[in-house]
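The structure appears below as structure tokens.
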Amino acid sequence: MVRIKCDLHIHTSASADGHCTVKEIISKAKEAGFDAIAITDHDTTKSAKEALAFSDESLVIIPGVEVSTKQGHVLVLGTTDEFPMNEDAETTIAKAKEKGCLVIIPHPFHRFRHAVGLKNMNALKLADAIEAYNSRYYISSSNRKAARVAKKFGKPITAGSDAHSCRFVGYGINLIDAEERTADSILKAVKEGKIESRCIKTPSRTYTGQSFGNVMRKIKRRIRRR
């Protein structure tokens, strides 16, 4: 048995709102003393595939993707496959499980954050785990609600920095008791609930600035479509 320190929710510049390269993310993770990280860009596994080349004994890379479903975001870990956008969350979860992936519902009750839990509670029942510690929260009540629902449904609780800049890699802290120092073993342990989680809050000013940037990008896209 080996204890793994892992951040399960990180974005690179492959995400439209991400700012750092794979090498910068990995460098920060090692500097912060992490044993493993999951690369989970929005609807692409481009950087996850790139990052796998750097996976070694010092840092295990878990490939993944944050899928945009009709009801919100779904994290799929343990794959370099991509999934169709805008399908029902339950459909995405079923497809991911067919591939043997681990499914986590991230920030399930964060308003304005593509929160599945606000539209489809059954998806949380179907997932393998629920992210109840998301470092990019503006008020802590949404994280607390996620923790209550995870306990009610008997789901393991995970943490994610949801970092969109390498500066915040490691703000989601998971201590996982895995049988081996491998991605498969880490994900198996998470599914079995052999995990302790917490997070450090991303500074409010940073989060607000990123949110404003996202809104402006959406407005520009809508203007271009007219």
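Just so you know, these numbers come straight off a predicted model, no measurement behind them.
Distance check: S135 OG to D7 CG gives 7.5 Å after rounding to the nearest 0.5 Å. Considering CG of L52 and CD1 of I61, their distance stands at 7.0 Å, rounded to 0.5 Å. With rounding to the nearest 0.5 Å, the separation of OG in S27 from NZ in K23 is 11.0 Å. The distance from the CZ atom of R144 to the OH atom of Y137 is 9.5 Å, given to the nearest 0.5 Å. Atoms CD1 and SG, from I26 and C166 in turn, are 11.5 Å apart once rounded to the nearest 0.5 Å. Taken from CZ in F109 to CG in L118, the straight-line distance is 6.5 Å, to the nearest 0.5 Å.
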Q: Check the pair E87, K70 against salt bridge (Lys or Arg N to Asp or Glu O under 4.0 Å), reporting the backbone distance first and the verdict last.
A: CA-CA 5 Å; E87 292 191 327; K70 281 184 179 179; over 6 Å; no
Q. Taking it one step at a time, do D81 and K99 satisfy salt bridge (Lys or Arg N to Asp or Glu O under 4.0 Å)?
A. CA-CA 9 Å; D81 292 338; K99 294 176 180 288; 3.2 Å; yes
**Q.** salt bridge (Lys or Arg N to Asp or Glu O under 4.0 Å) evaluation trace for E196 with R3
**A.** CA-CA 10 Å; E196 299 174 15; R3 174 152 282 201; 3.4 Å; yes
Q: Just do the side chain to side chain donor-acceptor pair (under 3.5 Å) check on T158 and N174 with the steps written out, would you?
A: CA-CA 7 Å; T158 68; N174 301 278; 5.2 Å; no
Q. Given H11 and D17, is the side chain to side chain donor-acceptor pair (under 3.5 Å) satisfied, shown in steps?
A. CA-CA 8 Å; H11 295 271; D17 51 358; 5.1 Å; no
Q.
Is there a side-chain contact (heavy atoms from CB on, under 4.5 Å) between E66 and H9? Walk through the geometry before answering.
A. CA-CA 9 Å; E66 186 167 14; H9 188 173; 3.1 Å; yes
Q) Are N143 and N134 close enough, and set up right, to give a side-chain contact (heavy atoms from CB on, under 4.5 Å), and what steps lead you there? A) CA-CA 7 Å; N143 275 349; N134 182 287; 3.9 Å; yes
Q: Please test S142 against H110 for side chain to side chain donor-acceptor pair (under 3.5 Å), starting from the C-alpha separation and ending with a verdict.
A: CA-CA 6 Å; S142 52; H110 287 225; 3.0 Å; yes
Q: Could you give me the CA-CA distance, side-chain angles and deciding distance for K188 and E192, then say whether salt bridge (Lys or Arg N to Asp or Glu O under 4.0 Å) is met?
A: CA-CA 6 Å; K188 181 175 180 287; E192 293 173 351; 2.8 Å; yes
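Taken together through direct or relayed side-chain contacts under 4.5 Å among Ile, Leu, Val, Met, Phe, Trp and Tyr, L77 and I176 form part of one hydrophobic cluster. Residues F34 and I186 do not share a hydrophobic cluster, clusters being chains of Ile/Leu/Val/Met/Phe/Trp/Tyr side chains in contact below 4.5 Å. Linking ILVMFWY side-chain heavy atoms closer than 4.5 Å, directly or via other members, places M85 and F83 in two distinct hydrophobic clusters. Residues I173 and Y171 share a single hydrophobic cluster, defined by chaining ILVMFWY side chains whose heavy atoms lie under 4.5 Å apart. Side-chain heavy atoms closer than 4.5 Å link hydrophobic residues (I, L, V, M, F, W, Y) into clusters, and following such links, even through other members, never connects I130 to V190.
Side-chain atoms of H107 and R136, non-hydrogen and from C-beta on, never get closer than 4.5 Å to each other. Between V149 and P108, every side-chain heavy-atom pair lies at or beyond the 4.5 Å cut-off. A heavy-atom distance below 4.5 Å is not found between the side chains of V169 and E31. Using a 4.5 Å cut-off on side-chain heavy atoms (C-beta onward), I10 and S161 make contact.
Side-chain atoms of K155 come within 3.5 Å of backbone atoms of A127 as a donor-acceptor pair (strictly under, hydrogens ignored). Formation of a donor-acceptor pair under 3.5 Å by the D56 side chain with backbone atoms of S58 is found in this model. The closest donor-acceptor contact from the side chain of Q71 to the backbone of A89 lies under 3.5 Å. Side-chain N or O atoms of K194 include none that pairs as donor or acceptor with a backbone N or O of L175 at under 3.5 Å. Under the 3.5 Å distance criterion, the side-chain polar atoms of T12 are left unmatched by any main-chain donor or acceptor of T21. The closest donor-acceptor contact from the side chain of T69 to the backbone of G72 lies under 3.5 Å. Distance alone, capped at 3.5 Å, is enough to place a donor-acceptor pair between the N120 side chain and the A123 backbone.
In this view, T44 and E82 satisfy the side-chain hydrogen bond (donor to acceptor under 3.5 Å, both in side chains) rule, not counting sequence neighbours.
Between H73 and H42, the ring planes are tilted. Angles from 30° to 60° get that label.
Closest non-hydrogen pair, V67 versus P84, comes out as CG1-O, 3.9 Å. Residues A146 and E131 share a closest heavy-atom pair of CB-O, 3.9 Å. Between D177 and A189, the shortest heavy-atom contact is O-CB, 3.3 Å. The two residues G78 and L187 have their closest heavy-atom pair at CA-CD1, 3.6 Å.
Exactly one of L126, V116, I104 qualifies for a side chain to side chain contact (heavy atoms under 4.5 Å, CB included) with V74. That residue is V116. Partner of C6 under the side chain to side chain contact (heavy atoms under 4.5 Å, CB included) criterion, out of L59, I62, I37: I62 alone. Among I195, L102, L75, T40, the one residue that satisfies the side chain to side chain contact (heavy atoms under 4.5 Å, CB included) test with L8 is I195.
Annotation for K125: atom NZ does not count as buried by contact number, only 12 or fewer foreign heavy atoms lying within 6.0 Å. The neighbour count for K30 NZ, taken as heavy atoms of other residues, nucleotides or ligands under 6.0 Å away, is above 12. For K191, the NZ atom sits in a loose shell: 12 or fewer heavy atoms of surrounding residues, nucleotides or ligands are nearer than 6.0 Å.
Between R181 and D35, at least one side-chain N (NZ, or NE/NH1/NH2) sits under 4.0 Å from a carboxylate O, which counts as a salt bridge. The residues E24 and K28 are annotated as not salt-bridged, no charged nitrogen and carboxylate oxygen being separated by less than 4.0 angstrom.
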